2 protein chains.
Amino acid sequence: MALPQYKIIYENLKNQIIGDIYQEGDLLPSENELSRLHDSTRTTVRQALGDLQKEGYIEKHRGKGSIVTSQKSTLGLLSFRGFSEVVGQTEHIMNTEMLQKPRLQKWPDPFFYSLDPLEQNAGCIFLKRLRKADDDSVMLESTYIPNLRLTRFTSKPLINNSLFRSLHILHQIDVVNLDQEVRAIRCDKEIARKLKLKEGDPILHIYRKYGTNREGFYIYSELHCNTEKYAMGSFFK
Amino acid sequence: MALPQYKIIYENLKNQIIGDIYQEGDLLPSENELSRLHDSTRTTVRQALGDLQKEGYIEKHRGKGSIVTSQKSTLGLLSFRGFSEVVGQTEHIMNTEMLQKPRLQKWPDPFFYSLDPLEQNAGCIFLKRLRKADDDSVMLESTYIPNLRLTRFTSKPLINNSLFRSLHILHQIDVVNLDQEVRAIRCDKEIARKLKLKEGDPILHIYRKYGTNREGFYIYSELHCNTEKYAMGSFFK
DNA sequence: GAGTGGTCTAGACCACCTG
DNA sequence: AGGTGGTCTAGACCACTCG
């Protein structure tokens with residue numbers, strides 16, 4: 001269960017960036033210096049820095065060093081970092097309202113991704129949450145998790161109110177990638193009420209399939225987003 | 001101008017995947033075998049495979065090998081690979097209609113991203129294209145490129161009809177990342193006509209800022225997408 | 001047990017930036 | 001000239017999968 005060195009270095013630096021110990025524009029210690037600090041090699045340090053760069057926390061400049069990048073004013077909710085991660089990266093006050101606590105049920109039929117028989121027979125854990133930014137309702141999120149080797153998951157409250165955090169701590173499951181489909185649709189009466197919009201207003205409709213470090217274990221979400229005030233952002237590298 | 005080894009290996013494998021020499025589900029040669037084939041080391045090969053994995057071409061499985069992943073039925077247009085790359089990865093027939101050939105002009109004011117004085121004073125090269133999938137109009141794209149050290153760019157036709165390809169070949173400029181904002185809006189009469197929709201229909205509205213390998217050189221785009229038939233997809237890793 | 005990818009070491013040379 | 005990140009070598013040990 002020991003974390004690899006490069007992930008420790010990664011977490012260490014990320015927390016210092018999120019915690020404003022390194023601020024926007026600051027230069028991180030050089031790769032050689034970080035190797036010395038963590039009693040490691042440049043290769044290992046570079047693996048950590050590469051992840052930070054990929055996720056938009058730093059920029060690297062040859063001959064200069066690694067620079068901490070600015071926080072984004074848009075909501076980085078199209079990336080696969082969980083909502084809780086985004087909260088620490090934006091200037092907006094974000095919070096979550098649980099509309100349906102995790103409960104065991106059958107998969108909807110039809111479902112928006114095709115399921116293999118193992119997933120299908122296991123049933124799913126369903127939960128529904130409303131995300132708010134500065135007290136505006138911005139996102140309605142329905143999540144479906146296959147009920148595979150997740151003992152007592154529905155009986156406990158979420159840790160830090162974060163699904164990903166709970167899966168990590170209770171079951172050592174980490175999200176490693178995200179496949180998503182995005183559409184613009186008109187919202188129906190039900191969604192309109194929850195997102196404080198008018199029926200027929202345009203919203204983002206997103207289907208997601210999260211990949212995890214557990215072979216064959218995926219998490220599915222359907223999102224409806226109000227983008228009147230806040231755009232959904234994403235960063236690719 | 002020599003490409004690094006890992007990029008050569010990357011391009012080599014990617015072309016074989018796109019060219020169906022390795023097909024969906026196929027196992028790539030192992031890392032050790034690829035090192036021997038390219039007279040290189042595992043580290044270098046892993047750098048190439050890592051990029052392929054990041055972009056969704058392969059999955060790696062410890063103890064098994066690297067497996068070529070399926071083509072996507074949705075349009076991977078929310079990722080930062082150019083449109084031309086997406087064309088090779090989908091089963092749909094894609095093509096592009098040039099609505100406004102590249103021409104030099106002033107920046108729109110206001111512009112959707114803040115420009116620095118260097119960009120502002122240089123003016124911009126503007127072009128406008130309509131993207132089609134299976135003869136359906138799916139995306140209207142307006143692109144703005146700062147006119148910095150791009151001699152004679154507007155006077156030549158695009159190579160392979162691809163902007164990114166032209167920038168690469170004529171100016172050694174490569175896109176390395178993408179920052180984007182996505183919203184759902186109602187389309188106006190003008191856009192509706194071009195995308196064959198009705199005024200007021202919901203569409204995706206996207207602002208993009210592409211980062212390049214040239215320090216401080218960015219490319220900007222504004223997109224309007226019709227998602228009635230085709231969702232816009234993206235893959236993160 | 002043989003082969004795979006994941007992690008790591010201890011170096012090297014290069015292009016680039018800054019003082 | 002000295003420090004930085006980019007690329008690369010030639011190994012090593014590990015956890016995992018498969019026959």
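Everything quoted here is computed from the prediction, not taken from an experiment. Note on naming: letters A, B, ... go to the chains in the order of the sequence lines (proteins, then strands), and numbering restarts at 1 for each one.
Within a 6.0 Å sphere centred on CG of B/Asp116, other residues, nucleotides and ligands contribute more than 12 heavy atoms.
A/Arg46 has a side-chain polar atom (N or O) that falls below the 4.0 Å cut-off from OP1 or OP2 of D/dG6. Checking the phosphate oxygens (OP1, OP2) of C/dT7, no side-chain nitrogen or oxygen of A/Thr44 falls inside 4.0 Å. Taking 4.0 angstrom as the limit, B/Gln47 places a side-chain polar atom (N or O) nearer than this to OP1 or OP2 of D/dT7. Proximity of A/Lys60 to the phosphate of D/dG6: a side-chain N or O atom is located under 4.0 Å from OP1 or OP2.
When each of A/Lys7 and B/Glu215 is assigned the nucleotide of DNA chain C bearing its nearest heavy atom, the one mapping closer to the 5' terminus is A/Lys7. Comparing A/Lys64 and A/Thr43 by the nucleotide of DNA chain C whose heavy atom lies nearest to each, the residue mapping closer to the 5' end is A/Thr43.
Side-chain contact check for A/Thr143 and A/Ser221: at least one donor-acceptor pair (N or O, by modelled atom type) lies under 3.5 Å.
Listed in residue order, the members of residues 30-41 of chain B having a heavy atom less than 4.0 Å from DNA chain C are B/Ser30, B/Glu31.
Between A/Phe153 and A/His171, the ring-plane angle classifies as tilted under the 30° and 60° cut-offs. Using cut-offs of 30° and 60° on the angle between ring planes, the pair A/Tyr207 and A/Phe112 is parallel.
Put simply, the side chain of B/Arg81 gets close to the backbone of B/Glu55: a donor and an acceptor are under 3.5 Å apart.
With hydrogens and angles ignored, no donor-acceptor pair under 3.5 angstrom links the side chain of A/Arg62 to the base of D/dG3.
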